[in-house]
Novice: 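Dumping the structure here so I can ask a few things about it.
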Amino acid sequence: MKNLIITFSIFCSAFVFAQKSNNYIEISYSSICCGTPSTNPVMTYINEFQKKNKTKALEVLQQPGLGREGEFNLYISTDQLSKIQKTRFLKGLQSAISSQNDKRNQSSDGIVNFDGSKMVTKADLTKIKNLIIYKNNLKLNKEK
C-alpha cells in the first residue's frame with residue numbers, strides 16, 4: 001500500500017513540475033450551428049513555426065466542454081520564445097486565424113477567437129478543472 005501511495009505521489013508531482021510554462025495565449029473555438037472549426041490551420045502554423053525557428057515543442061492545453069456543440073479553448077505556452085520570436089509567432093498566428101475565419105461559411109461554420117494581447121497565467125489555468133494536454137494528431141505534409 002505504501003508503494004502505491006509513493007508511486008502515485010511521484011507521478012502527480014512529476015506531472016505538476018513538468019509544466020514549467022507560466023504564460024499562455026488563449027484561442028477560443030465557438031460554434032454557430034454545426035460544430036466548431038478545425039484546429040488544423042492553427043496546429044499547422046504552430047508546427048511550421050517550431051520547425052522554422054528550431055524551438056522546443058510549445059505546450060498546448062485544451063479546455064473542452066464549454067458548450068453543447070463542442071466549444072473549447074486552447075492555451076499555448078509562449079515562455080520558451082524570445083521577445084522577437086513571440087512577436088512573430090503572435091502575428092503569424094493572428095494571420096492564420098484570420099485566414100481561417102475569412103474562408104468559413106458565415107451562416108453555419110463556427111468562428112475562432114483570438115486576442116494576442118491577452119495573456120493567461122498558470123495561476124489562472126490551475127482554477128480550470130477540465131484542462132487536458134492537447135493531443136495533436138495532425139500529420140504534416142513532408143514535401144517541402
Novice: I'd like to know if the side chain of Asp79 reaches the main chain of Asn22, judged simply by a donor and an acceptor atom lying under 3.5 Å from each other, with no hydrogens or angles considered.
Specialist: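 Between the backbone of Asn22 and the side chain of Asp79 there is a qualifying donor-acceptor contact (under 3.5 Å).
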Novice: Do Tyr134 and Glu59 touch side chain to side chain, with heavy atoms closer than 4.5 Å?
Specialist: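 No, side chains not in contact.
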Novice: Answer yes or no: is there a side-chain heavy-atom contact under 4.5 Å between Gln106 and Arg104?
Specialist: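 Yes, their side chains come closer than 4.5 Å.
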Novice: Should Leu61 and Ile132 count as side-chain neighbours, where that means a heavy-atom distance under 4.5 Å?
Specialist: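 No. Closest side-chain heavy atoms not under 4.5 Å.
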Novice: Test side-chain hydrogen bond (donor to acceptor under 3.5 Å, both in side chains) on Tyr29 and Ser38; report intermediate values, then the result.
Specialist: CA-CA 9 Å; Tyr29 288 81; Ser38 172; over 6 Å; no
Novice: Can you list the residues that meet the side-chain contact (heavy atoms from CB on, under 4.5 Å) rule with Leu90, with sequence neighbours excluded?
Specialist: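 For Leu90 the side-chain contact (heavy atoms from CB on, under 4.5 Å) partners, ignoring immediate neighbours, are Ile25, Lys86, Phe114.
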Novice: Which residues pass the salt bridge (Lys or Arg N to Asp or Glu O under 4.0 Å) test with Glu71, sequence neighbours left out?
Specialist: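 For Glu71 there are no salt bridge (Lys or Arg N to Asp or Glu O under 4.0 Å) partners, ignoring immediate neighbours.
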Novice: Only one of Asn73, Asn113, Asp115 forms a side chain to side chain donor-acceptor pair (under 3.5 Å) with Ser28, so which one is it?
Specialist: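 Result: among Asn73, Asn113, Asp115, Asn73 is the only option passing the side chain to side chain donor-acceptor pair (under 3.5 Å) with Ser28.
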Novice: Can you see which heavy atom on Gln85 is nearest to which on Gln80, and at what distance?
Specialist: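 Scanning both residues, the minimum pair turns out to be OE1-O, 4.3 Å.
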Novice: Residues in side-chain contact (heavy atoms from CB on, under 4.5 Å) with Asn105, at least two apart?
Specialist: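 For Asn105, the residues satisfying side-chain contact (heavy atoms from CB on, under 4.5 Å) (neighbours in sequence not counted) are Ser107, Ser108, Asp109.
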Novice: Could you check whether any side-chain heavy atom of Ile111 comes within less than 4.5 Å of a side-chain heavy atom of Ile32, counting everything from C-beta outward?
Specialist: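 No. Closest side-chain heavy atoms not under 4.5 Å.
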Novice: For a side chain to side chain contact (heavy atoms under 4.5 Å, CB included) check, start with the C-alpha distance between Gln63 and Phe72, then their side-chain angles and the critical distance, and finish with the verdict.
Specialist: CA-CA 6 Å; Gln63 179 187 15; Phe72 63 94; 5.9 Å; no
Novice: Evaluate the side-chain proximity of Thr78 to Leu58: yes if any heavy-atom separation is below 4.5 Å, no if none is.
Specialist: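 The answer is no, as the side chains (C-beta and beyond) never meet within the 4.5 Å cut-off.
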Novice: Between Asp124 and Thr121 (side chain of the first, backbone of the second, donor and acceptor by atom type, cut-off under 3.5 Å), is there such a pair?
Specialist: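 At least one qualifying donor-acceptor pair exists.
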Novice: Are Thr36 and Ser30 side-chain neighbours, meaning at least one heavy-atom pair lies under 4.5 Å?
Specialist: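 In short, these two side chains do not touch, never coming nearer than 4.5 Å.
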Novice: Decide yes or no for Tyr75 and Leu125: does some side-chain heavy atom of the first lie under 4.5 Å from some side-chain heavy atom of the second?
Specialist: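 Result yes, sub-4.5 Å side-chain heavy-atom pair found.
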Novice: Let me check something: do Ile133 and Leu66 share a hydrophobic cluster, defined by ILVMFWY side-chain heavy atoms less than 4.5 Å apart, either directly or through other members?
Specialist: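 No, separate clusters.
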Novice: With hydrophobic residues grouped by side-chain heavy-atom distances under 4.5 Å, do Met43 and Leu81 end up in a single group?
Specialist: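 In one cluster with Met43: Leu81, yes.
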Novice: Measuring from Arg88:CZ to Asn53:CG, what's the distance to the nearest 0.5 Å?
Specialist: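 These two atoms lie 6.5 Å from each other.
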Novice: Does anything in residues 89-100 form a side chain to side chain donor-acceptor pair (under 3.5 Å)? List the pairs, not counting sequence neighbours.
Specialist: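 Of all non-adjacent pairs touching residues 89-100, those that pass side chain to side chain donor-acceptor pair (under 3.5 Å) are Gln94-Ser98.
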Novice: Listed by chain and number, what are the side chain to side chain donor-acceptor pair (under 3.5 Å) partners of Thr55, not counting sequence neighbours?
Specialist: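 Applying side chain to side chain donor-acceptor pair (under 3.5 Å) to Thr55 gives none.
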Novice: Filter on ring pair (Phe, Tyr, Trp, His ring centres under 6.0 Å), then keep only pairs touching residues 80-103, sequence neighbours left out; what's left?
Specialist: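 Ring pair (Phe, Tyr, Trp, His ring centres under 6.0 Å) check on residues 80-103 returns Tyr45-Phe89, Phe49-Phe89.
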